[in-house]
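Step one of this worksheet: look at the structure below.
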Amino acid sequence: METSLLRIDQLGDAAAIIAAGGLVAFPTETVYGLGADATNASAILKIYEAKGRPSDNPLIVHVADVGGVLRVAKEVSPITQKLIDAFWPGPLTIVMPKGASVTSELCAGLPSVAVRMPNHPVAIELIRRAGVPLVAPSANRSGRPSGTTWEAVRDDLSGSVDAIVCGEPTDFGLESTVIDITQSPPCVLRHGAISLTAIQDVCPDVVSVEDLEAAEQGRLRKSPGTRHRHYQPHARVMVAGLKTDVMGNTLSVGQTSSAVSRAWIGLSSPNPSENWRIIKVCENVDEYARALFSFFREMDRLGVEAIVCERVSEDGIGRALMDRILRASVDE
Ligand code: AMP
Ligand code: MG
């Protein structure tokens with residue numbers, strides 16, 4: 001299949017491809033999404049195929065208004081309404097009970113559906129023109145870092161999707177926060193730009209999946225996507241100063257021999273006595289988050305063998321950033 005590169009003033013063409021059951025990647029404020037008509041089961045199956053995505057990992061539905069939510073969800077509950085009022089449009093995905101007519105391909109067989117309203121003019125305009133909610137997971141091959149530029153999307157998906165809308169690099173660079181309101185208490189399944197504390201200001205009883213995990217040991221309904229390998233470049237990812245990774249395995253940070261081609265990314269400079277092929281010092285955590293996935297991809301292009309990421313404090317988007325870095329560092 002030939003992949004068309006579309007300008008942001010060609011959204012009519014993009015909408016026509018979606019109406020015909022095709023796949024179009026488009027920019028959002030988090031990462032690029034790979035969009036299809038959320039009401040078309042065969043188009044949804046094409047997304048799994050194009051991404052090489054495991055079929056048990058459900059997708060996020062993108063809507064342009066609250067009316068769109070009711071096309072895929074059973075209802076807008078009072079807590080959903082509160083979250084919508086506080087955080088939409090924006091990087092908060094809400095998992096809610098699915099509507100009766102929703103195709104099971106969309107939810108990977110689960111009784112719930114994940115929905116968000118992006119805060120991005122191109123994404124909103126595309127959804128409006130398509131006239132249907134758009135199902136859109138991150139636009140990358142499964143397991144790879146999410147695409148934060150149209151070039152990254154092209155590198156991963158050219159030949160597997162019908163078109164890419166070539167917008168600007170994304171604002172946040174990390175995927176949305178995912179909150180599940182079908183559990184009691186509501187639970188943040190994936191950290192993102194909207195922090196747990198910001199959500200707790202609106203809904204004080206919300207917990208994080210890590211808190212529940214510690215308390216409930218195994219009885220937990222986790223986000224299916226978190227079970228899979230994620231965010232990984234070809235280079236080995238390591239965390240500066242960390243002795244163990246997210247799974248508790250011992251890491252060989254700083255023990256890589258200087259013969260290995262290494263890159264550094266962080267908020268400060270690394271130890272200058274060590275050999276670094278590339279050093280990227282970001283001005284603040286927002287910039288670090290925005291840069292992370294495209295840095296991973298750039299280092300792969302340069303053939304760097306190991307990427308050392310400086311640890312940051314886990315406040316605000318720092319928590320999501322550390323989550324992605326730690327998952328990228330897991331060896332499987
Ligand atoms: P992606 O769009 O590729 O970033 O992945 C979507 C994320 O949303 C994955 O982590 C999914 O597991 C999660 N997700 C989507 N639908 C549901 C659902 N019904 N229940 C729980 N998590 C979901
Ligand atoms: Mg993804």
Side-chain angles (χ1 to χ4, degrees), residues 23 25-36 38 44 46-63 69 72-74 80 91-99 102-118 120 123 133-148 152-153 156-157 161 170 172-184 186-194 206 208-210 212-213 220-233 289 292-293 296-297 320 323-324 327-328:
L23 304 186
F26 61 93
T28 80
E29 79 279 34
T30 57
V31 299
Y32 272 69
L34 178 55
I44 295 171
K46 284 192 213 163
I47 289 188
Y48 284 92
E49 206 176 304
K51 290 195 55 158
R53 185 175 176 105
S55 59
D56 65 349
N57 189 2
L59 307 170
I60 294 175
V61 179
H62 289 63
V63 297
V69 178
V72 291
K74 189 172 147 220
T80 302
L92 183 72
T93 296
I94 308 174
V95 174
M96 45 187 117
K98 73 169 189 176
V102 171
T103 158
S104 66
E105 284 78 6
L106 182 59
C107 313
L110 294 172
S112 54
V113 63
V115 190
R116 106 175 172 94
M117 186 193 302
H120 195 287
L134 296 186
V135 56
S138 53
N140 51 276
R141 293 280 307 163
S142 194
R144 297 269 297 146
S146 299
T148 57
V153 178
D156 261 24
L157 297 175
V161 303
T170 59
F172 290 114
L174 300 179
E175 307 77 3
S176 59
T177 305
V178 178
I179 183 168
D180 183 355
I181 61 112
T182 71
Q183 307 196 30
S184 183
C187 178
V188 169
L189 300 177
R190 176 173 79 182
H191 296 282
I194 294 180
V206 172
S208 79
V209 74
E210 295 82 10
L212 275 190
E213 223 160 14
L220 205 59
R221 277 188 288 151
K222 275 182 153 180
S223 187
T226 60
R227 284 197 295 265
H228 299 288
R229 187 179 161 272
H230 239 118
Y231 316 122
Q232 293 186 334
L292 184 76
F293 289 145
F296 281 1
R297 287 172 177 272
D323 170 78
R324 303 310 187 272
R327 289 181 199 281

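Both ligands and their constituent atoms are indexed starting at 1 by order of listing.
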Which of the atoms in ligand 1, numbered in the order shown and given with their element, are less than 4.0 Å from a heavy-atom of Leu59?
15 (C), 16 (N)
Check: of Pro111, Ala139, Ser112, Pro137, min heavy-atom distance to atom 19 (N) of ligand 1 comes from Ser112
Backbone or side-chain N or O of Arg53 under 3.5 Å from ligand 1 N or O
yes
Metal site the Mg ion (ligand 2): N/O/S of Ser138 inside 2.8 Å:
yes
Show me which atoms of ligand 1 lie under 4.0 Å from any heavy atom of Lys51.
3 (O)
Hey, is Thr93 touching ligand 1 through its side chain, its backbone, both or neither, going by heavy atoms under 4.0 Å?
neither
Short list, please: which atoms of ligand 1 are under 4.0 Å from a heavy atom of Ile60?
2 (O), 6 (C), 8 (O)
Thr148 and its side-chain contact (heavy atoms from CB on, under 4.5 Å) partner, picked from Thr170, Thr30, Val153
Thr170
Counting C-beta onward and ignoring hydrogens, is there a side-chain heavy-atom pair between Lys98 and Leu106 closer than 4.5 Å?
no
Select one of side chain, backbone, both or neither to describe which atoms of Leu189 lie under 4.0 Å from any atom of ligand 1, heavy atoms only.
side chain
With heavy atoms of Ala114 as the reference, note each atom of ligand 1 found under 4.0 Å away.
15 (C), 16 (N), 17 (C)
Out of Val206, Thr80, Val95, which residue meets the side-chain contact (heavy atoms from CB on, under 4.5 Å) rule with Ile179?
Val206
Walk me through it: do Glu105 and Val135 pass the test side chain to side chain contact (heavy atoms under 4.5 Å, CB included)?
CA-CA 11 Å; Glu105 284 78 6; Val135 56; over 6 Å; no
With a 4.0 Å cut-off on heavy atoms, is Asn140 in contact with ligand 1?
no
Distance-only, no hydrogens or angles: does the Arg324 side chain make a donor-acceptor pair with backbone N or O of Gly192 under 3.5 Å?
no
Verdict with reasoning, Phe293 to Asn140, per side chain to side chain contact (heavy atoms under 4.5 Å, CB included):
CA-CA 11 Å; Phe293 289 145; Asn140 51 276; over 6 Å; no
Pick from Arg116, His120, His62: which one makes a side chain to side chain donor-acceptor pair (under 3.5 Å) with Thr28?
Arg116
Only one of Ile94, Val31, Leu92, Thr93 clears side-chain contact (heavy atoms from CB on, under 4.5 Å) with Ser176; which?
Thr93
Answer with side chain, backbone, both or neither: which part of His62 has a heavy atom less than 4.0 angstrom from an atom of ligand 1?
neither
Contact with ligand 1 for Leu110, non-hydrogen, under 4.0 angstrom
yes
Per-atom filter on ligand 1: closer than 4.0 angstrom to a heavy atom of Asn57 are 9 (C), 11 (C), 12 (O)
Between Cys107 and Val102, the two heavy atoms sitting closest are SG-CG1, 3.8 Å
